[in-house]
Amino acid sequence: MIKMDIDDFIYEIKEELICYEEIGEEGADNWEREFRQWLSAPGKKENVEGKGDRARFIIADESEIFDIADSYLEALESDNIKSYWKSFQ
């Protein structure tokens, strides 16, 4: 189990997203904006521990970073972004 600072988590995801030609930097920035909206929305976040500057995102291992990026690409390709964020954890 890895507990990552939220900004570090965002950085890692964005770096992976930028590698996808279909997403690029603009798409990675969109993911960050949407993630921050998801993060600030009310409700329990299963993979988030703490609040504010002390918040951490919990992942099982580094492969989850790739899975998150892959899932986002699939959601973009299938025009299913709302479902992606609805089930994001």
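Position 1 is the first residue of the sequence; numbering continues from there.
By the side-chain contact (heavy atoms from CB on, under 4.5 Å) test, Glu21 is found to be paired with no residue, residues two or more places apart in sequence or in another chain being considered. With sequence neighbours excluded, no residue forms a side-chain hydrogen bond (donor to acceptor under 3.5 Å, both in side chains) with Asp8. Listed by chain and number, the residues in a salt bridge (Lys or Arg N to Asp or Glu O under 4.0 Å) with Asp5 are Arg56 (sequence neighbours excluded). For Ser83, the side-chain hydrogen bond (donor to acceptor under 3.5 Å, both in side chains) test picks out Asn80, with sequence neighbours left out. Every residue meeting the side-chain contact (heavy atoms from CB on, under 4.5 Å) condition with Glu15, not counting sequence neighbours, appears here in chain and number order: Tyr11, Ile18.
Applying the salt bridge (Lys or Arg N to Asp or Glu O under 4.0 Å) definition to pairs two or more places apart or across chains, none involves residues 77-89. Screening residues 25-38 for side chain to side chain donor-acceptor pair (under 3.5 Å) gives Asp7-Arg36, Lys14-Asp29, Lys14-Glu32, Asn30-Arg33, Trp31-Tyr84, Glu32-Arg36, Glu34-Tyr72, Glu34-Trp85 as the qualifying pairs, with residues at least two apart or on separate chains. For residues 41-52, every residue pair satisfying the side chain to side chain donor-acceptor pair (under 3.5 Å) rule, not counting sequence neighbours, is listed here: Lys3-Glu49.
Residues Ile81 and Ile68 are members of one and the same hydrophobic cluster, defined by side-chain heavy-atom contacts under 4.5 angstrom among Ile, Leu, Val, Met, Phe, Trp and Tyr.
For the atom pair CZ (Phe66) and OG (Ser71), the distance works out to 13.5 Å, reported to the nearest 0.5 Å. One finds the CG atom of Leu73 at 5.0 Å from the CD atom of Glu22 (value rounded to the nearest 0.5 Å).
Closest of all the heavy-atom pairs between Val48 and Ala55 is CG1-CB, 4.5 Å.
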Please report, to 0.1 Å, the donor-acceptor pairs under 3.5 Å made by any side chain of residues 57-65, with sequence neighbours excluded.
from: Asp61; atom 1: OD1; to: Ser63; atom 2: N; distance (Å): 2.9
from: Asp61; atom 1: OD1; to: Ser63; atom 2: OG; distance (Å): 2.3
from: Glu64; atom 1: OE2; to: Ala60; atom 2: N; distance (Å): 2.5

